[in-house]
Number of protein chains: 2
Amino acid sequence: MVYGQVPPAGKGGNQGNLLSNAARLFREKGFERTSLKEIAEACNMLPGSLYYRYSTKEALLVELMRRGVDLVTAEVEIAYACSADPVEKLRLCINAHLRALLVDSDAVYVLLFEWRALGPEAREEVIDLRDQYESLWASIIETMIAQGVVRKNVDGRLLRLIGLGALNWVATWFDPKGAHSLDAIGDFIWQIAIEGVINKDA
Amino acid sequence: MVYGQVPPAGKGGNQGNLLSNAARLFREKGFERTSLKEIAEACNMLPGSLYYRYSTKEALLVELMRRGVDLVTAEVEIAYACSADPVEKLRLCINAHLRALLVDSDAVYVLLFEWRALGPEAREEVIDLRDQYESLWASIIETMIAQGVVRKNVDGRLLRLIGLGALNWVATWFDPKGAHSLDAIGDFIWQIAIEGVINKDA
DNA sequence: GTCTATATGGGGATAGAC
DNA sequence: GTCTATCCCCATATAGAC
């Protein structure tokens, strides 16, 4: 069931504009601290007009999150197909996730950090979508374990949760003008996953 | 400057109760979605009464966050002193951080996940406090690098940010009734830091 | 599709009694 | 210290004109 969506969704227009404006504002200020008035202003419209597209503010958020899942899923799937080497696949997928979260779209950030704003019904849908995305990572990791690339005694589920956590938290501190490029950060995380940080010669 | 604090803070009373009720609610529902009415109800009081203790809702949040920083700092400092072995120190500190965040107090969670609710002034104070805590981790890591325990070519700042990210994100999915105890999760993260997950025999 | 105008409710906050 | 009473604002959402 598709929560809160307006039936035929009109003829398409510049909905994308509305969603990306909303995504940017939700990311910058958070969902509750962003009013429909602000979103409307960003689109050169008036608050009431938004209800032609979305039945509630929450429905707008849910639609945004759907786009976020679709986007990050697509990016990681493409990255996965870009190499035959399993360890290199991992590196590419890590960087794809970071790029989707921090460069390509505000929707992925909103998806990951604003789900607590959802009521029970919408929350269920979004958690399902997020789980679908995470199952992509689950299969990436399980494949690596099956191939013997990752040690068999490593818990795949824990590895996925911890790894995605390390990636997601980057969104709280990353500075595009900072010392490290996003790819450098992704490669760093990949490096830790491969061999840790301890000096074995000591 | 101590933002928003009520001057002499009265004679102590059961402020801790108020703060822990607020912390629990902020953690469960988020800051904006928790009304002063709800907090007051949890304390068997009425909304207006809260203003005797805190000049604004935000000041209450800030005080909560101060407690959160103090608590997690103390826990990690104690853990650090509990072993002489640097690698074991790291394990203990990881688990101390997780315990502070997920068992000992809701304030640490609120500190880490609700800082976006703060206005510019309060935000500056809280970010300073958080930076003080992170400098504790910075010195733990720098010491390990100086001792040659961590490879010298590893960027200490990145390691701290990524590591704390992996730890903090655990708060979004940890289930006390789940398959892994908190210590098991901490040890897993520690294990990755030490040697990664890749099978070198393959 | 967007605007005008407005209903409605709840939120944080205040003043002063007790 | 807590309660009573209440103010004021702003947010979401609606109805109907254009």
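In what follows, chains carry the letters A, B, and so on, assigned in the order in which the sequence lines appear, proteins first and then strands, with residues in each chain numbered from 1.
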Take atom [atom1] of [X] and atom [atom2] of [N], then tell me their distance rounded to the nearest Å.
X       : N      : atom1 : atom2 : value
B:Glu41 : D:dC3  : CD    : P     : 12 Å
A:Arg53 : C:dC3  : CZ    : P     : 11 Å
B:Leu18 : D:dG1  : CG    : P     : 13 Å
B:Leu46 : C:dA15 : CG    : P     : 19 Å
B:Ile39 : C:dA13 : CD1   : P     : 11 Å
B:Leu60 : C:dG11 : CG    : C1'   : 15 Å

Side chains of A:Gln132 and A:Thr73, heavy atoms from C-beta outward: is any pair under 4.5 Å?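 A side-chain contact is absent here, since even the closest heavy-atom pair is not under 4.5 Å.
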Does the plane of the ring in A:Tyr109 sit parallel, tilted or perpendicular to the ring in A:Phe113? Use 30° and 60° as the thresholds.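 A:Tyr109 vs A:Phe113 ring planes: parallel.
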In B/S/- notation (B base, S sugar-phosphate only, - none; protein heavy atoms under 4.0 Å), nucleotides 10-15 of chain D written 5' to 3' is -SSBB-
Distance from A:Asn168 atom CG to B:Thr172 atom OG1, nearest 0.5 Å?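 Interatomic distance, A:Asn168 CG to B:Thr172 OG1, rounded to 0.5 Å: 7.5 Å.
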B:Glu114/A:Arg116 under salt bridge (Lys or Arg N to Asp or Glu O under 4.0 Å): CA gap, chis, key distance, verdict: CA-CA 11 Å; B:Glu114 295 291 329; A:Arg116 273 152 45 95; 2.6 Å; yes
Write out all pairs satisfying side-chain hydrogen bond (donor to acceptor under 3.5 Å, both in side chains) with one or both partners inside residues 179-190 of chain B, taking only residues at least two apart or from two chains.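 Qualifying pairs: A:Asp155-B:His180, B:Arg91-B:Asp187, B:Asn95-B:Asp187.
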Mind jotting down which residue pairs meet the side-chain hydrogen bond (donor to acceptor under 3.5 Å, both in side chains) criterion with at least one end in residues 141-152 of chain B? Sequence neighbours excluded, please.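 Sorted pair list comes back empty.
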